[in-house]
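Scope of the values below: all heavy atoms of this structure, side chains included, with no hydrogens, waters or symmetry mates. In the text below, chain A, chain B and the rest are named by the order of the sequence lines, each starting its count at 1.
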Amino acid sequence: MRIATWNVNSIRSRIDRVEAFLDRHEVDVLAVQETKAKVDQLPTMGLEARGYDVAAVGHSQWNGVALISRVGLEQVSVGFDGMPGWGDAADAEARAISAVCGPPEQGGVRISSLYVPNGRKPDDPHYVYKLDWLARLREAAQAWLGEDAALVGDWNICPTDDDVFDIAQFRNSTHVTPRERAAFQAILDTGWAEVTRAYAPGYTYWDYYRQRFERDRGLKIDFVLASPSVAARVKGAFIDRAERAGVGASDHAPVVVDLED
DNA sequence: ATGGTTGAGGGTCAA
């Protein structure tokens, strides 16, 4: 089974690229973040024509996540147990969606598409919300550790200094602070394994400003965390850097992971 | 410190 995660930065402005990406790599399950669309605004026609089902949550021009699967979507749930909110309640819940993709007896996996809060600035209340969100996720996700499960998405955290193009430039910024890194590590410490880095080094996000992609000045913030049983099935992973190139790209590249069936 | 770009929506706000 081939799964992928991609912050698409508006699925409506990017639907042609999403469909081409699915075709190009024969992806079975794609988790997307920042759909920036209400559920009834999702452009699903081309996806359905390709045999994909869609489960999504989204209420405004911000946030919004979805799962796009051609191997089934069962037990869909929005958010996670104890997920904290920010602002409008309906909008706040649009950062996480989970479903079982594929029959469990045939290698199906519970996949959660996650859009971790950005944090904005270390002295911003949104930063505290981000830390709280990650702590609650760690607690809620423990229930899935014994299953075939994956936590995938835009984590908005650079776990190491090498995951930033210029750590000095991030001295007073989010994504690299010890507390954020500790929150991420705490999830790994419960038993989740980050499975992409070993196969796919390099950045996954490049700001639109200043030709950051052309100069490869990016961040590594999109990750796939696997439960022990799924981690043991990982065959490989890659970052589709070509998807970040050219006019009309998202600021994130997709990350693809292959699992033994 | 500031600015640079993109998307949604129709103000600016968020990233």
Asker: Measure the distance from CD on A:Gln61 to C1' on B:dG9 and round it to the nearest whole Å.
Answerer: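 Distance check: A:Gln61 CD to B:dG9 C1' gives 7 Å.
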Asker: Nearest to the side chain of A:Gln41, which nucleotide is it out of B:dA15, B:dG7, B:dG9?
Answerer: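 Out of B:dA15, B:dG7, B:dG9, the nucleotide with an atom closest to A:Gln41's side chain is B:dG9.
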Asker: Ignoring the backbone of A:Arg14, work out which of B:dA8, B:dG7, B:dT5 is nearest its side chain.
Answerer: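 Of B:dA8, B:dG7, B:dT5, B:dG7 is nearest to the side chain of A:Arg14.
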Asker: Taking only the P atom of each, what is the distance from B:dT6 to B:dA1 in whole angstrom?
Answerer: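 Here B:dT6 and B:dA1 have their P atoms 27 Å from each other.
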Asker: Could A:Arg95 and A:Asp154 be called an ion pair, given the rule that one side-chain N must be under 4.0 Å from one carboxylate O?
Answerer: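 Salt bridge: no.
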Asker: Which nucleotide sits closest to the side chain of A:Tyr208: B:dA14, B:dA8, B:dT5?
Answerer: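 It is B:dT5.
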Asker: CZ of A:Arg120 versus C1' of B:dT12: gap in Å, rounded?
Answerer: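 Result: 13 Å.
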Asker: So for A:Arg210 and B:dG3, does any side-chain atom that can act as donor or acceptor lie under 3.5 Å from a complementary atom in the base?
Answerer: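 Checked by distance alone, the answer is yes.
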Asker: Once you round it to whole Å, what is the distance between P of B:dA14 and CG of A:Asn156?
Answerer: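 Whole-Å distance recorded here is 15 Å.
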Asker: Taking for each residue the nucleotide of DNA chain B bearing the nearest heavy atom, is the 5' side occupied by A:Glu34 or by A:Asn9?
Answerer: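 Taking each residue's closest nucleotide, the earlier one in sequence belongs to A:Asn9.
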Asker: Would A:Arg17 and A:Glu243 pass as an ion pair if we require N to O under 4.0 Å?
Answerer: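 Yes, this pair counts.
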Asker: Give a yes or no on whether a salt bridge exists between A:Arg197 and A:Asp163, defined as a side-chain N under 4.0 angstrom from a carboxylate O.
Answerer: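 Looking at A:Asp163 together with A:Arg197, the answer is yes, because their closest N to O distance falls below 4.0 Å.
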Asker: Looking for any heavy atom pair under 4.0 Å, which part of the strands does A:Tyr205 touch: base, sugar-phosphate only, or nothing?
Answerer: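 The residue A:Tyr205 makes no contact with any strand.
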Asker: Run the salt-bridge test on A:Asp28 and A:Arg2 with the 4.0 Å N-O cut-off and return the result as yes or no.
Answerer: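 Salt bridge between A:Asp28 and A:Arg2, a charged N being under 4.0 Å from a carboxylate O: no.
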Asker: Assuming nearest nucleotide by heavy-atom distance, tell me which of A:Lys36 and A:Asn172 is located more 5' along DNA chain B.
Answerer: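 Per heavy-atom nearest nucleotide, the more 5' residue is A:Asn172.
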Asker: Rounded to the Å, how far apart are A:Lys121 NZ and B:dA14 C1'?
Answerer: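 Checked: the NZ to C1' distance equals 11 Å.
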Asker: To the nearest Å, how far apart are A:Asn118 CG and B:dC13 P?
Answerer: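 Computing the A:Asn118:CG to B:dC13:P distance gives 16 Å.
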Asker: Where the side chain of A:Arg12 is defined as all heavy atoms beyond and including C-beta, which of B:dG9, B:dG7, B:dA15 is the nearest nucleotide?
Answerer: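 For the A:Arg12 side chain, the nearest candidate turns out to be B:dG9.
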Asker: Any ion pair linking A:Asp124 and A:Lys130 (charged N to carboxylate O, less than 4.0 Å)?
Answerer: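 Salt bridge: no.
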Asker: What integer number of Å spans the P atoms of B:dG9 and B:dA15?
Answerer: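 Here B:dG9 and B:dA15 have their P atoms 16 Å from each other.
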Asker: Using atom CZ of A:Arg217 as one end and atom P of B:dT5 as the other, report the distance to the nearest whole Å.
Answerer: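 Atom-to-atom, A:Arg217 to B:dT5, this comes out as 16 Å.
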Asker: Using whole Å, report how far CG of A:Asp207 lies from P of B:dA14.
Answerer: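 The answer, rounded to whole Å, is 17 Å.
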Asker: In whole angstrom, give the distance that lies between atom CD of A:Gln33 and atom P of B:dT6.
Answerer: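 Rounded to whole Å, this separation is 21 Å.
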